[in-house]
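Everything on this sheet refers to the single structure shown next.
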Amino acid sequence: LVRLRARLSRSQNALGKTLLTLLSRDTLDDDAWDEIEDTLVQADVGVTPARQIVEDLRTKVKVYGTRTPDEVRGLLKDELLAQIGKDLDRSLRTEPHGAQPAIILVVGVNGTGKTTTCGKLGRVLVGDGRSVLLGAADTFRAAAADQLQTWGSRVGAEVVRRDEGADPASVAFEAVKKGIEDRVDTVIVDTAGRLHTKTGLMDELGKVKRVVEKQAQVDEVILVLDATTGQNGLRQARVFAEVVDVTGIALTKLDGTAKGGIVIAVQRELGVPVKLVGLGEGPDDLAPFDPEAFVDAILG
Ligand code: GDP
């Protein structure tokens with residue numbers, strides 16, 4: 001929590017500060033509630049959820065006769081947690097099945113932090129004593145394979161790659177094949193995030209998934225979403241969620257934005273739990289998503 005708070009406050013998280021100032025007003029009149037709603041919208045909570053949160057909060061404040069800023073903060077915290085989905089299963093399935101490695105596909109729009117997330121996740125797993133293989137199936141972006149290779153050497157994971165322009169599905173196939181042969185614990189496959197057309201994307205990702213599934217069970221499909229791209233990023237992410245069965249979201253670049261409210265919009269729009277958060281560019285800047293700690297951090 002301390003680390004999370006430090007990272008989020010480094011980005012001068014406006015949400016918590018503004019909300020607390022508003023909640024500390026002597027009287028919470030219509031204007032104050034409107035401002036609270038605006039603050040939530042500006043933090044990318046989304047228009048409808050922001051309205052709902054404020055309506056519920058107003059009702060509760062009235063019914064319970066809550067007055068002190070601390071009490072209102074407590075109610076707001078409950079409200080945010082309810083929207084985020086406090087009790088969802090956010091565990092990552094990374095355990096091998098007998099002789100079969102666990103397979104994790106990492107998908108999302110280019111630039112969101114897919115390759116970086118693969119590397120950081122590799123680091124976490126290697127740190128836990130697992131053997132990890134990284135598959136460089138993003139064969140469209142120049143240097144993606146080099147970048148993954150660098151991550152591999154950095155975190156102690158082997159990398160399977162081919163030349164730029166190779167068929168992504170064949171790279172994914174080979175990565176999984178090698179993972180099985182070498183009895184690796186976890187195979188993480190980085191994929192291309194070209195959002196040309198929905199059918200094109202569907203064909204491409206569908207093929208990657210199919211060739212992997214010929215050999216092993218896919219345990220996680222992690223959709224990477226850049227928190228700084230707000231509602232627009234969310235719209236693009238929705239296309240991915242429509243073409244593959246996403247099992248979890250990795251929300252990156254939370255260190256560089258005051259728009260942490262996107263967590264709420266993500267849960268609501270995509271209906272998939274945020275499992276990981278990216279808090280920087282370094283190897284140790286990936287954390288499991290803890291709703292309670294997160295809400296505490298953004299409320300200051
Ligand atoms: P990809 O195209 O989706 O594979 O994206 P990359 O992994 O290459 O990341 C794009 C840029 O975002 C790189 O400069 C990364 O260092 C940066 N990045 C990725 N995750 C984070 C994060 O959590 N925080 C910050 N500040 N930068 C990140």
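Nothing here was measured: the structure is a model prediction, and the numbers come from that model. As the structure lists them, so they are numbered: ligands from 1, and atoms in each ligand from 1.
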Determine, using heavy atoms of Val109 and all atoms of ligand 1, whether some pair is separated by less than 4.0 Å. yes
Consider ligand 1: state whether an atom of it lies below 4.0 angstrom from any non-hydrogen atom of Asp255. yes
Could you check which of Gly108, Gly111, Gly193 puts a non-hydrogen atom nearest to atom 2 (O) of ligand 1? Gly111
Counting heavy atoms only, name the option from Gln147, Glu281, Lys120 that's nearest to atom 20 (N) of ligand 1. Lys120
Would you kindly specify which portion of Leu286 sits under 4.0 Å from ligand 1, judged on non-hydrogen atoms: side chain, backbone, both or neither? neither
Applying a 4.0 Å heavy-atom criterion (strictly less than), which segment of Asp285 is in contact with ligand 1: side chain, backbone, both, or neither? neither
For ligand 1, is there an N or O atom under 3.5 Å from any N or O atom of [X]?
X	value
Thr112	yes
Asp190	no
Thr117	no
Asp138	no

Do you know the tightest heavy-atom contact between Gly119 and Val155? O-CG1, 3.7 Å
Flag, side chain of Thr229 to backbone of Asn232, donor-acceptor distance under 3.5 Å: no
N/O donor-acceptor pairs under 3.5 Å from side chains in residues 128-147, not counting sequence neighbours:
from   : atom 1 : to     : atom 2 : distance (Å)
Arg130 : NH1    : Thr94  : O      : 2.9
Arg130 : NH1    : Thr94  : OG1    : 2.9
Arg130 : NH2    : Glu95  : OE2    : 3.0
Ser131 : OG     : Asp185 : N      : 3.0
Ser131 : OG     : Asp185 : OD2    : 3.4
Asp138 : OD1    : Phe140 : N      : 3.4
Asp138 : OD1    : Arg141 : N      : 3.3
Thr139 : OG1    : Ala166 : O      : 2.7
Arg141 : NH1    : Gln147 : OE1    : 3.1
Arg141 : NH2    : Thr115 : OG1    : 3.1
Arg141 : NH2    : Gln147 : OE1    : 3.0
Asp146 : OD1    : Arg161 : NH1    : 3.0
Asp146 : OD1    : Arg161 : NH2    : 2.8

Is atom [atom1] of [X] surrounded by more than 12 heavy atoms (other residues, nucleotides or ligands) closer than 6.0 Å?
X	atom1	answer
Lys177	NZ	no
Lys77	NZ	yes
Arg183	CZ	no

How close does the nearest protein non-hydrogen atom get to atom 5 (O) of ligand 1, and which residue and atom is it? Gly113 N, 3.1 Å
Protein contact of atom 3 (O) of ligand 1 - nearest heavy atom, named by residue and atom, plus distance: Lys114 N, 2.8 Å
Using a strict 4.0 Å cut-off to heavy atoms of [X], name the atoms of ligand 1 that fall inside it.
X	answer
Gly280	21 (C), 22 (C), 23 (O), 24 (N), 25 (C)
Gly278	23 (O)
Leu279	23 (O)

Check step by step if salt bridge (charged side-chain N to carboxylate O under 4.0 Å, His left out) holds for Lys114 and Asp190. CA-CA 7 Å; Lys114 272 189 311 297; Asp190 188 15; 5.3 Å; no
When hydrophobic residues are tied together by side-chain contacts of less than 4.5 Å, even through go-betweens, does Ile180 share a cluster with Val184? yes
Whether the Asp226 and Thr228 side chains hold a donor-acceptor pair (N or O, under 3.5 Å, no angle test) is what I'd like checked. yes
